[in-house]
Amino acid sequence: MDNCIFCKIAAKQIPSKTIFEDDDLIVFHDIRPAAPVHFLIVPKQHIPTLADCGEAEHALLGKMMTLAPKLAQEQGCGYVASGEGPGKGGFKAMFHIGPDGGQEVYHLHLHVIGGPHPWRGER
Ligand code: AMP
Ligand code: ZN
């Protein structure tokens, strides 16, 4: 897709701090992090929003979602479960969809946001 910043990152036309890549996905640090750890899980295929996804994208979305905790762990904000109680650590995994969802880049991406509190805008 011409003029799509995430297509350009996937094609290596513009640089990114990439932490993971395979045939389907590229994952890089957000340029304006909202927390100590903030990376984006991005399909290489151009899909504008989550609202454009259907059955054909089930496997891709599943791959994005299950990659999130694995990479969060590697980046130091993983969730450690305990047998009882809430466990430790953790992160947010978020899609922004459309103007009212705060979406700025119209190429599907999953935000993974974590690290020690307080985060920007939080107490
Ligand atoms: P949104 O569309 O609101 O879900 O978020 C787009 C995100 O992409 C924002 O958090 C931006 O900081 C981030 N972003 C925009 N351009 C770049 C870039 N060149 N490299 C890394 N992150 C970017
Ligand atoms: Zn794109």
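Computed from heavy atoms alone, side chains included, the values below leave out hydrogens, waters and symmetry copies. Whatever order the structure lists ligands and atoms in, that order sets their numbers, starting from 1.
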* Would you say Gln73's side chain and Gly78's backbone share a donor-acceptor pair under 3.5 angstrom? -> no
* **Under 3.5 Å donor-acceptor, Gln75 side chain and Cys77 backbone** => no
* To do: Without swapping roles, check the side chain of His107 against the backbone of Pro43 for a donor-acceptor pair under 3.5 Å.
  => yes
* Hey, is the main chain of Ala51 close enough, under 3.5 Å, to the side chain of Thr49 for a donor-acceptor pair? -> yes
* Asked: With a 4.5 Å limit on heavy-atom distance, are the side chains of Ile5 and Ile14 in contact?
  -> yes
* Which residue pairs satisfy the salt bridge (Lys or Arg N to Asp or Glu O under 4.0 Å) criterion with at least one member in residues 102-115, sequence neighbours excluded? -> none
List ligand 1's nitrogen or oxygen atoms that come under 3.5 Å of a protein nitrogen or oxygen, with the partner atom and distance.
residue  : atom   : partner : partner atom : Å
ligand 1 : 2 (O)  : Glu104  : N            : 2.6
ligand 1 : 2 (O)  : Val105  : N            : 2.8
ligand 1 : 2 (O)  : His109  : NE2          : 3.2
ligand 1 : 3 (O)  : His96   : ND1          : 3.0
ligand 1 : 3 (O)  : Gly102  : O            : 2.8
ligand 1 : 3 (O)  : Glu104  : N            : 3.3
ligand 1 : 4 (O)  : His96   : ND1          : 3.0
ligand 1 : 4 (O)  : His109  : NE2          : 2.6
ligand 1 : 4 (O)  : His111  : NE2          : 2.7
ligand 1 : 5 (O)  : His109  : NE2          : 3.3
ligand 1 : 5 (O)  : His111  : NE2          : 3.4
ligand 1 : 10 (O) : Asp30   : OD1          : 3.2
ligand 1 : 10 (O) : Asp30   : OD2          : 2.5
ligand 1 : 12 (O) : Asp30   : OD1          : 2.5
ligand 1 : 22 (N) : Ile31   : N            : 3.1

* To the nearest 0.5 Å, how far apart are CD1 in Ile9 and NZ in Lys44? -> 12.5 Å
* To do: Can you sort out the partners of Glu57 under side chain to side chain donor-acceptor pair (under 3.5 Å), two or more places apart, ordered by chain and number?
  => none
* To do: Everything protein-side that's N, O or S and under 2.8 Å from the Zn ion (ligand 2): list it, residue and atom.
  => Cys4 SG, Cys7 SG, His46 ND1, His107 ND1
* To do: Give, for atom CZ of Phe6 and atom CD1 of Ile26, the distance between the pair rounded to the nearest 0.5 Å.
  => 10.5 Å
